[in-house]
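In what follows, every heavy atom counts, from backbone to side chain, and hydrogens, waters and symmetry copies are set aside. Every value quoted in this text rests on a predicted model; they were computed, and no experiment measured them.
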Amino acid sequence: MGCGSCSTGGGCSCGSKAGGYSGCGTGCPIVQVYDWLPTSTKAPGIDHFGFVEVAFKARRTHIYRNNRQLPVSAGDCIVVSAHRGLDFGRITMTGELVRLRAKKSEASGYVVRVASDKDLKRHEANRVMEDQALIAAQQAAKRRNLPLKLVDAEWQFDRKRIVFYYSAERRVKLGKLIGYLSNQYKTSVELRRLSPRRETAHVGGIGSCGRELCCSSWMQEIPPVSTRAATKQNLPLHRERLAGRCGQLKCCLNYELEHYMAALKEFPARKAQVKTDGGKGRVENVDIFARTVLIRYEDDTKVIVPLAQVQVLPRKKPATRKAR
């Protein structure tokens, strides 16, 4: 899935380069955004947008203020202020592109410093500790017969908090497990439940298309998908064919939906009464690529007719009863 320096669950440790640390490249299962406005501002030299977008383990991203105006760029590893402490992440965007993204997201904190060699070593040590903590938490949950699946663990950079990600089919009482883990690691413990889609995005994998899952590679947000997307595209409603690795409807069902919705405006609706050279009938199906309509005539025969030869008949108004 990723390069050799990536830890389980999509974490990315940075390799050294002159002037700081860069990400491990496009092979990592993390959001890749081409920064097409790296130095552009509304007023060059005066109006500089002092915010950066930072990525953490498992594609988690937040926006931070660069109050000290540190000379950073996309790919640099930095230390930022986090929840009651410090965290370690990699910059994915800077400048005006962040300004556009910041309209939908508020800043989570500020940039403390550019990561040093010492910071990098501690970050790598945290990744090793996360694997050990995850195994210990899984064993603790198994001893308590908790109906959940622990997916990943993430230490905050300063180790003042550890977050465990889990999935479960129903609500689970986690008080005893959290208490045990808090005593075990002498730090704040948080358990975050993941939906099936979020779990798959967190872990990553290969889709039925043979490529890396969209949710774990480039998608910024995971939108809902309904069966309406399949029916509008005339796809057979077979659960095993439409379901992705997460067991839910594939996200890619939304990709061409807008095109289909726009194209269908030129076609008569299903069951609409139409007239052609062959007579009157009702619409059974349409093919937007061949621009044809399947019509069932009054004699129960079905014929495929070009769209240009189909005339939609006006609907008959229902008869109204006269008041006595």
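Residue pairs satisfying the side-chain hydrogen bond (donor to acceptor under 3.5 Å, both in side chains) criterion with at least one member in residues 165-179, sequence neighbours excluded, are listed as follows: Glu154-Tyr165, Ser167-Glu199.
Arg282 pairs by the salt bridge (Lys or Arg N to Asp or Glu O under 4.0 Å) definition with nothing, not counting sequence neighbours. Under the ring-ring contact (aromatic ring centres under 6.0 Å, His included) criterion, Phe157 pairs with Phe88, not counting sequence neighbours. For Ser195, the side-chain contact (heavy atoms from CB on, under 4.5 Å) partners at least two apart in sequence or on another chain are Arg197, Arg198. In this structure, Pro224 has no side-chain contact (heavy atoms from CB on, under 4.5 Å) partners at least two apart in sequence or on a different chain. Under the side-chain contact (heavy atoms from CB on, under 4.5 Å) criterion, Cys209 pairs with Arg211, sequence neighbours left out. Evaluation of the salt bridge (Lys or Arg N to Asp or Glu O under 4.0 Å) rule for Glu258 yields no partner, not counting sequence neighbours. In this view, Lys271 and Glu284 satisfy the salt bridge (Lys or Arg N to Asp or Glu O under 4.0 Å) rule, not counting sequence neighbours. Checked against side-chain contact (heavy atoms from CB on, under 4.5 Å), Pro223 has the following partners two or more places apart in sequence or in another chain: Met219, Asn254. For the salt bridge (Lys or Arg N to Asp or Glu O under 4.0 Å) test, residues two or more places apart in sequence or in another chain that qualify with Glu190 are Arg161, Arg192.
No side-chain heavy atom of Val54 sits less than 4.5 Å from a side-chain heavy atom of Thr61. The shortest side-chain heavy-atom distance between Thr187 and Trp155 falls under the 4.5 Å cut-off. A heavy-atom distance below 4.5 Å is found between the side chains of Asp87 and Phe56.
Val128 belongs to no hydrophobic cluster with other residues, because no ILVMFWY side-chain heavy atom falls under 4.5 Å from its own, directly or through intermediates. Taking Ile, Leu, Val, Met, Phe, Trp and Tyr as members and joining any whose side-chain heavy atoms lie under 4.5 Å apart, directly or through other members, the hydrophobic cluster of Val293 also contains Tyr260, Leu264, Phe267, Val274, Val283, Val286, Ile288, Phe289, Ile295, Tyr297, Val303, Val305, Leu307, Val310, Val312.
Summarising the geometry, atom CZ belonging to Arg68 is positioned 5.0 Å from atom CG belonging to Leu70; distances are rounded to the nearest 0.5 Å.
A salt bridge between Glu130 and Arg127 is present, with a side-chain N of the basic residue lying under 4.0 Å from a carboxylate O of the acidic one. Salt-bridge check for Asp158 with Arg122: failed, with every basic side-chain N at 4.0 Å or more from each acidic carboxylate O.
Checking side-chain atoms of Asp119 against main-chain N and O of Ser116 turns up a donor-acceptor pair under 3.5 Å.
There is no side-chain donor-acceptor pair under 3.5 Å between Ser217 and Glu212.
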